[in-house]
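Input: a single structure, listed below in structure tokens.
Computed from a predicted model, the values in this text were never measured in an experiment. All residue numbers refer to positions in the sequence shown, counting from 1.
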Amino acid sequence: MALKFITAQEAAEFINNGDTIAFSGFTPAGAAKAVPTAIAERAKGLHENGVDFKINVITGASTGPSLDGALAKADAIGWRTPYQSNSDLRKKVNAGNIKFFDQHLSYTSQFMRYGFLGKINYAVIEACDITEDGVIIPTTSCGTIATGCHLADQIIVELNAKHPKTLRGIHDIIVPSVPPHRRTIPINKPNDRCGDDHIKVDPAKIIGIVNTDLHDEVSPFTPADPLTSKIGANVIKFLLNELRVGRIPKEFLPVQSGVGNIANAVLGTLVTNKEIPNFTMYTEVVQNSVIDLIREGRVTFASACALTLTPDCLEEVYSDLHFFKTKLILRPQEISNNSGIARRLGVIAMNTAIEMDIFGNVNSTHITGTDMMNGIGGSGDFSRNSYISIFSAPSVAKNGNISAIVPMCSHTDHTEHDTMIFITENGIADLRCLSPIDKAKKIIENCAHEDYKEILWDYLKLSEGKHTPHTLSKAFNMHVEFLDSGDMRNTKF
């Protein structure tokens with residue numbers, strides 16, 4: 001079958017109001033860019049003529065401004081899942097204009113196959129190569145696109161010349177069957193391969209190919225500062241102690257690290273600390289710092305879902321692709337974030353929090369319990385199933401007006417049963433096998449900012465003698481005080 005090349009604008013004409021589209025992209029890595037932008041422009045034109053036009057959007061995770069941003073600005077999204085980080089989209093979500101449902105990232109593909117997300121009309125995906133018999137080679141992420149391609153009625157491919165065809169071989173594509181026919185995924189170490197290096201579809205489903213030459217829209221990471229460096233140093237301090245006392249084996253364990261500046265800074269500290277053995281990673285994203293670790297030999301192999309690299313760093317990888325293809329695998333997110341594999345490998349999970357309460361619960365997603373920030377991402381996939389689960393955050397935000405340590409989280413994503421270690425720039429709270437009151441004492445003493453310790457101690461004294469000494473009428477006083485005065489330090493109990 002001959003490949004049919006079309007423009008992004010022609011591709012957009014296929015899309016109808018109410019369609020559900022599976023887009024490629026896990027973080028901005030590998031996200032479709034030209035076609036969603038053209039869909040947004042079409043939506044604007046239809047809206048100006050009084051015609052309803054909104055689509056339902058499934059991706060792997062967050063995307064860039066050409067997808068989430070453009071569609072949100074055009075009021076072209078009905079519902080969206082599973083994760084986002086675009087400011088324009090976030091505003092529409094928190095204003096109630098877009099229906100957003102947050103999901104563990106490992107769930108999305110299987111929810112698609114189970115039919116929970118309804119009919120998939122189109123898959124719009126980025127590729128570095130495609131053949132006439134329906135072989136598609138993804139670019140810098142796998143996300144949900146294999147499942148999207150298999151389920152969608154029709155497929156539109158963005159063939160992006162920024163990514164070399166020689167990228168083939170870096171992917172390991174596995175699409176599990178649905179229960180009761182699901183089989184064991186044979187991954188026993190991060191560098192095991194058990195799938196295909198491509199996606200194979202019926203070529204008749206491919207209705208058009210759009211040539212592009214667009215960079216992944218990955219923003220530069222903020223360099224480590226004294227605050228994030230202190231957090232990173234405390235993570236290293238904790239891991240070194242675990243090694244010394246034998247709770248982590250001497251050959252170390254695979255590491256998972258969430259996305260973002262703090263995570264990037266924490267990993268960056270490992271470049272120079274040679275007391276931590278060389279290690280592998282079983283994680284969601286490979287960021288710039290991981291590339292440095294691979295070059296240094298500190299990371300011997302990394303399995304992930306996406307190469308979330310700034311354009312200059314990605315070019316460095318492509319210039320030495322033969323080397324990096326021996327050190328990296330990209331997998332679909334339901335495999336990179338698979339709970340059974342994480343538990344089998346003994347992954348050390350390192351994720352960040354918005355707030356942590358004194359009894360060990362974590363809020364990763366909501367500001368003051370109501371406004372969505374980004375989403376749970378993969379933190380839940382790993383925290384419950386890890387060998388050791390670490391959550392880190394600066395102890396305060398907004399120039400000290402907000403404490404990251406509170407009496408009760410305003411929204412809970414990870415319960416006390418799924419968390420083990422809290423780390424801020426002030427210290428480490430090891431919560432393993434402690435009662436609620438002992439957890440509270442450690443968190444306040446070791447992790448809370450000095451401005452908030454007495455406030456938190458005062459709260460703890462209100463209900464002494466209880467198993468979990470909460471005073472429900474006052475549990476959110478710090479949040480209420482912030483909403484009233486703009487400063488949690490004014491809180492009185």
Sequence-distant partners of T166, side-chain contact (heavy atoms from CB on, under 4.5 Å), two or more places apart | P164, L321

Heavy-atom count around D213 CG within 6.0 Å, excluding the residue itself: above 12?
-> yes

Do D418 and S389 have side-chain atoms, one donor and one acceptor, less than 3.5 Å apart?
-> no

Under 3.5 Å, is there a donor-acceptor pair between the side chain of Y387 and the main chain of L345?
-> no

Indicate whether the side chain of T365 and that of D413 have a donor and an acceptor atom separated by less than 3.5 Å.
-> yes

T212 side chain to E158 side chain, donor-acceptor N/O pair below 3.5 angstrom | no

Where the side chain of S410 meets the backbone of G369, is there a donor-acceptor pair that is under 3.5 Å apart?
-> yes

Flag if over 12 foreign heavy atoms under 6.0 Å of NZ, K453 | yes

Using only heavy-atom distances, determine whether the side chains of S339 and R384 contain a donor-acceptor pair under 3.5 Å.
-> no

Other residues, nucleotides, ligands: >12 heavy atoms within 6.0 Å of Y107 OH | no

Are the side chain of E217 and the backbone N or O of S66 linked by a donor-acceptor pair below 3.5 Å?
-> yes

Can you name the residues that form a salt bridge (charged side-chain N to carboxylate O under 4.0 Å, His left out) with D216, not counting sequence neighbours?
-> K33

Any luck finding a side-chain donor-acceptor pair between S106 and D381 under 3.5 Å?
-> yes

Closest heavy-atom pair, P138 versus C128, reported as atoms and distance to 0.1 Å, is O-SG, 3.5 Å

Side-chain donor or acceptor of D102 paired with backbone N/O of I376 under 3.5 Å | yes

CG on L330 to OG1 on T140, rounded to 0.5 Å | 8.0 Å

So which heavy atom on L309 is nearest to which on N288, and how close?
-> CA-OD1, 3.4 Å

Please lay out, stage by stage, how T139 and N160 fare under the test side chain to side chain donor-acceptor pair (under 3.5 Å).
-> CA-CA 8 Å; T139 59; N160 193 331; over 6 Å; no

Assess whether side-chain contact (heavy atoms from CB on, under 4.5 Å) is satisfied between N363 and N361, documenting all intermediate values.
-> CA-CA 7 Å; N363 170 14; N361 303 292; over 6 Å; no

Take atom CZ in R182; do more than 12 heavy atoms of anything else shown fall under 6.0 Å from it?
-> yes

Any luck finding a side-chain donor-acceptor pair between D68 and T63 under 3.5 Å?
-> yes

Distance-only, no hydrogens or angles: does the N426 side chain make a donor-acceptor pair with backbone N or O of A448 under 3.5 Å?
-> yes

Nearest heavy-atom contact between P179 and Y114 is CD-OH, 3.4 Å

Sequence neighbours excluded, which residues qualify as salt bridge (charged side-chain N to carboxylate O under 4.0 Å, His left out) partners of R344?
-> none

Taking the side chain as every heavy atom from C-beta outward, state whether F23 and I39 have any atom pair closer than 4.5 Å.
-> yes

Taking only Lys NZ, Arg NE, NH1 and NH2, and the carboxylate oxygens of Asp or Glu, determine whether E126 and K162 approach each other closer than 4.0 Å.
-> no

Do D192 and K189 sit within salt-bridge range, that is, some charged N less than 4.0 Å from a carboxylate O?
-> yes

side-chain contact (heavy atoms from CB on, under 4.5 Å) between R298 and N278, intermediate numbers included | CA-CA 5 Å; R298 301 289 285 118; N278 297 341; 2.8 Å; yes

Could you please spell out the steps behind the side-chain contact (heavy atoms from CB on, under 4.5 Å) verdict for L267 and M281?
-> CA-CA 11 Å; L267 285 173; M281 297 189 70; 4.1 Å; yes

Any side-chain heavy atom of T59 within less than 4.5 Å of one from P82?
-> yes

N/O donor-acceptor pair under 3.5 Å between K205 side chain and A152 backbone = yes

Does any donor atom in the side chain of H449 or S403 lie under 3.5 Å from an acceptor atom in the other side chain?
-> no

Considering non-hydrogen atoms only, spot the tightest contact between A393 and M356 and give its length.
-> CB-CE, 4.1 Å

Where the side chain of R113 meets the backbone of P176, is there a donor-acceptor pair that is under 3.5 Å apart?
-> yes

No-hydrogen, no-angle side-chain donor-acceptor test under 3.5 Å, S386 and Q256 = no

Side chains of L3 and V157: does their closest heavy-atom pair fall under 4.5 Å?
-> no

Pairwise distance OG1(T144) to CZ(F26) - rounded to 0.5 angstrom | 10.0 Å

Taking C-beta and beyond as the side chain, do F5 and L159 meet within less than 4.5 Å on heavy atoms?
-> yes

Rounded to the nearest 0.5 Å, the NZ atom of K441 sits from the CD1 atom of I358 at a distance of 11.5 Å

Find out whether P28 and S62 are in side-chain contact, i.e. whether some heavy atom of one side chain is under 4.5 Å from a heavy atom of the other.
-> yes

How about S392 and F238: do any of their side-chain heavy atoms sit closer than 4.5 Å?
-> no

Tell me yes or no: between the side chains of Q333 and S109, is some donor less than 3.5 Å from an acceptor?
-> no

Please answer whether the main-chain N or O of R168 pairs with a side-chain N or O of K325 as donor and acceptor at a distance below 3.5 Å.
-> yes

Check: S395 side chain, T424 main-chain N or O, donor-acceptor pair, under 3.5 Å = no

Taking every non-hydrogen atom, the tightest pair across D197 and I137 = O-CD1, 3.8 Å

Taking every heavy atom of I125 against every heavy atom of C149, the minimum-distance pair comes out as CD1-SG, 3.5 Å

Have S289 and D292 got a donor and an acceptor in their side chains that come within less than 3.5 Å?
-> no

I would like to know whether I428 and N446 meet side-chain contact (heavy atoms from CB on, under 4.5 Å); could you show each step before the answer?
-> CA-CA 6 Å; I428 303 160; N446 296 348; 5.8 Å; no

To the nearest 0.5 Å, what is the distance between CD1 (I21) and OH (Y122)?
-> 8.0 Å

Is the shortest heavy-atom distance from the side chain of S364 to the side chain of F391 under 4.5 Å?
-> yes

At what distance, to the nearest 0.5 angstrom, does CD1 of I185 lie from CD1 of I174?
-> 6.5 Å

Stepwise side chain to side chain donor-acceptor pair (under 3.5 Å) check, T280 with N191 | CA-CA 9 Å; T280 59; N191 62 343; over 6 Å; no

Is the backbone N or O of G195 less than 3.5 Å from a side-chain atom of D172, with the two atoms forming a donor-acceptor pair by type?
-> yes

I348 vs F252 side-chain heavy atoms within contact, under 4.5 Å = yes

State the NE2-CZ distance between H171 and R193, to the nearest 0.5 angstrom.
-> 9.5 Å

